[in-house]
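See structure below.
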There are 2 protein chains.
Amino acid sequence: MAATIGDVARAAGVSRSTVSYALSGKRMISDETRERIQAAIDELGFTPNAGARALATAQTNVLGLYLQFQEDEFAPAMLQYVLPVSTTAREHGFDLLMVTDTDLVGAVTRTTSSYMVDGVVLLDVTYDDVRLEPLRRASQPAVLIGYARDAEGFDSFDLDFGEAARLAIDHLADLGHRDIILMTPPEHVVARGGSYVWRFRDAAVERAARYGIHLTAHYGDSRQPGIRESLDAAFAASPAATALIVHNDATIAALPSYLNDRGLRSPDDLSVVGVFSREFGQTFSLPYTAVETSPDRLGQLAVQQLIRRIADPAEAGVPVVRLIEPSLTDRGSTGPAA
Amino acid sequence: MAATIGDVARAAGVSRSTVSYALSGKRMISDETRERIQAAIDELGFTPNAGARALATAQTNVLGLYLQFQEDEFAPAMLQYVLPVSTTAREHGFDLLMVTDTDLVGAVTRTTSSYMVDGVVLLDVTYDDVRLEPLRRASQPAVLIGYARDAEGFDSFDLDFGEAARLAIDHLADLGHRDIILMTPPEHVVARGGSYVWRFRDAAVERAARYGIHLTAHYGDSRQPGIRESLDAAFAASPAATALIVHNDATIAALPSYLNDRGLRSPDDLSVVGVFSREFGQTFSLPYTAVETSPDRLGQLAVQQLIRRIADPAEAGVPVVRLIEPSLTDRGSTGPAA
DNA sequence: CTGAAAGCGCTTACAG
DNA sequence: CTGAAAGCGCTTACAG
């Protein structure tokens, strides 16, 4: 039904190989021939068949994006990574197969071993991510957005959460705060292997100790009333706290309302530092100074590296674990300790 | 490198066609042969090559999911549709190509005319959606989630927003409310062709008039401080209003905080009815009675219909525009008019 | 119950 | 500067 390269060749009075080369530019074609071919293509509305091309070249121009939607997590946070990954992929001529199967291992195996994708982007990587094992058997390269215990053989990109914590603590220490509350992601995120929880927390604890700062860490929640209750508990345990660090998407999104309920204003009554992206802050109109998580930058770097590796596995060199440097954006929610 | 059907055939001592038929079950294979083939498959770790299969069968088992991320819209709302579409597709053996190009027409043309997908799911459909034109030229079937002026030739699924409005008005009328504020989606959504804005609003206005209810509709915003300002303006314009209908995701997500700021409690000071999904309400812990938008149901119905049409274009019959019946979930945020 | 062969629509050495 | 032919890895009539 649809025109094939043979139809174009016939209409232009050339061979199929000539049409193919005209399309790919892989060899010189006379102007006259090229024009005849182009006219035939336009007239017939020809587009190369992706399956046939994939079979002939062993390349699909599709990347797999693997993500998990967890019932008990704050879904909007994941979305920030999807768009930059998709955009960067398209800039390099790749489409995106979005895989959300709950059978994580099966999904990776199925899509890689059938050669549906040229490369793999893993989102929401956990410390002992079960997807890494099937990925090692795969012949396609993979990139992780996140941090795994044994990322040997894979490129990994993540925020430097240790440095993020030090930035937050330094900022508050400079302002004279000596009693700080840290709200972390929920405990089940730790159980699942969300390493950013303890990487941030441990670094914060250590840095605070160095300043002689009293820091207490509490698990936050991702749903009400848990969000509110965990904050209540944290404030009750540290009545003299003058600053709050929130490393928890659902909690920071709910914080304006919570502080209002308690009649607290930042920075006058309480200094607040969040950990979230510019996009997230904008979506939820968050008025807080924050350590930026830069999902757009991570997504872009990850996809670029993956595509480099697809294009030239040898050239791309040894796999790297790259922790990108966070920065702090001051939105005026911190001030001198009371 | 990877095993092909020829390798399996050789190892099992049968022909390639026999392996193929054993895989598809399209003809009888003796138990003994089948076992030898299965053993060879297991040993070699064989998985059929998706590109080769697509070329031979003219079927990719991939659906295209086309969505637009608008800078000025509340992104989390879109996510609710993605998961049910993905889940339903997988239940029927289809994977999902997620297409987010800003060049909407080009993206549809590119992916359909190269036969990357067997069918198309259009999300975030506008009244004069530019994607419909390239879709008419495509040979694959398509389904719209949303409502277009001329959906001729396509299956469409959307909530019955007219009925949704009537449900909300009836509910409040029964409770004796006679002065109601309606916050609609932002004005730019109307400009873009988001028909749900006026379908809901017009039906609400008409229904209210029938009861002799004073209803004033205001455009809400999707970002602060616009969200707050539009609510302020609405309350200023209707100081005697006893009820609020919110048909705006960003506004309803911000409402708990806003009402708190103003010292208003629902249902005592103000009855509140939202228009949002169960999932959305859960993510944002919204304590409001709401007309459910059922994105999971819409996504599932849409994909099922699309797959039916792919499987048997003739059997599936004439394209339908199906508006699903909303229902109201009482969460106790409405009460008798003061 | 099974096999040999053609065909799906491309790309790319090989030849000239 | 261009063509004829092989090959990518499947599926499916056609034959027996």
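Below, all heavy atoms of this structure are taken into account, side chains as well, without hydrogens, waters or symmetry copies. Since we're looking at a predicted model, the values are computed, not measured. Chain letters run A, B, ... following the sequence lines, proteins first and then strands; every chain starts at 1.
If you find the closest nucleotide of DNA chain D to B:S24 and to A:Y21, the one lying nearer the 5' end belongs to A:Y21.
At D:dC10, none of the side-chain N or O atoms of B:T57 fall inside 4.0 Å of OP1 or OP2 (strictly under the cut-off). Applying the 4.0 Å criterion to OP1 and OP2 of C:dC1, one finds that B:T18 has every side-chain N and O outside that range. In this structure, B:S20 does not reach the D:dC10 phosphate: none of its side-chain N or O atoms is under 4.0 Å from OP1 or OP2. The shortest distance between the side-chain N/O atoms of A:T4 and the OP1/OP2 oxygens of C:dG9 is not below 4.0 Å.
Among the heavy atoms of the strands, none lies under 4.0 Å from A:S114.
Computed from coordinates, the A:R16 CZ to C:dC14 P distance equals 19 Å when rounded to whole Å. Per the geometry, CD belonging to A:E35 stands 15 Å off C1' belonging to D:dC1, to the nearest Å. As a whole-Å value, the separation of B:K26 NZ from C:dC1 P is 19 Å. Here D:dA4 presents its P atom at 13 Å from CZ of A:R10, a figure rounded to the nearest Å. Atom-to-atom, CG of B:N49 to P of D:dG7 comes out at 18 Å; the value is rounded to the nearest Å. Between B:Q59 atom CD and C:dG9 atom C1' the separation is 17 Å, expressed in whole Å. The nearest whole Å value for the distance from the CD1 atom in A:I5 to the P atom in C:dC8 is 14 Å. In this structure, B:L55 atom CG and C:dC8 atom P are separated by 9 Å, rounded to whole Å.
Looking at B:R110 and B:D101, a side-chain N of the basic residue comes within less than 4.0 Å of a carboxylate O on the acidic one, giving a salt bridge. Ion pair B:D150/B:R136 flagged as a salt bridge, since at least one NZ, NE, NH1 or NH2 atom sits closer than 4.0 Å to an Asp/Glu carboxylate oxygen.
For CD of B:Q59, the number of neighbouring non-hydrogen atoms (other residues, nucleotides, ligands) closer than 6.0 Å is greater than 12.
Residue A:S17 places a side-chain atom within donor-acceptor reach of the base of D:dA4, judged by atom type and a 3.5 Å distance cut-off alone. One cannot find a donor-acceptor pair under 3.5 Å joining the base of C:dG9 and the side-chain atoms of B:R53. Below the 3.5 angstrom threshold, one finds a donor paired with an acceptor across the side chain of B:R27 and the base of C:dG3.
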Passes side-chain hydrogen bond (donor to acceptor under 3.5 Å, both in side chains), B:T100 versus B:Y66? Steps please. CA-CA 6 Å; B:T100 66; B:Y66 300 75; over 6 Å; no

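Among the nucleotides D:dT2, C:dC10, D:dC10, the one closest to the side chain of A:I29 is D:dT2. Here the side chain of A:T33 is nearest to one of C:dG9, D:dT2, C:dC1, namely D:dT2. Closest approach to the A:M28 side chain among D:dG3, D:dC1, C:dC10 is made by D:dC1 (side chain taken as heavy atoms from C-beta onward).
B:T18 and B:S15 form a side-chain donor-acceptor contact under 3.5 Å, judged by distance and modelled atom types alone. Between the side chains of B:Q305 and B:D155, at least one donor-acceptor pair of N or O atoms lies under 3.5 Å.
Remark: C:dT2 base-pairs with D:dA15. Criterion, Watson-Crick or G-U wobble with two distances under 3.5 Å.
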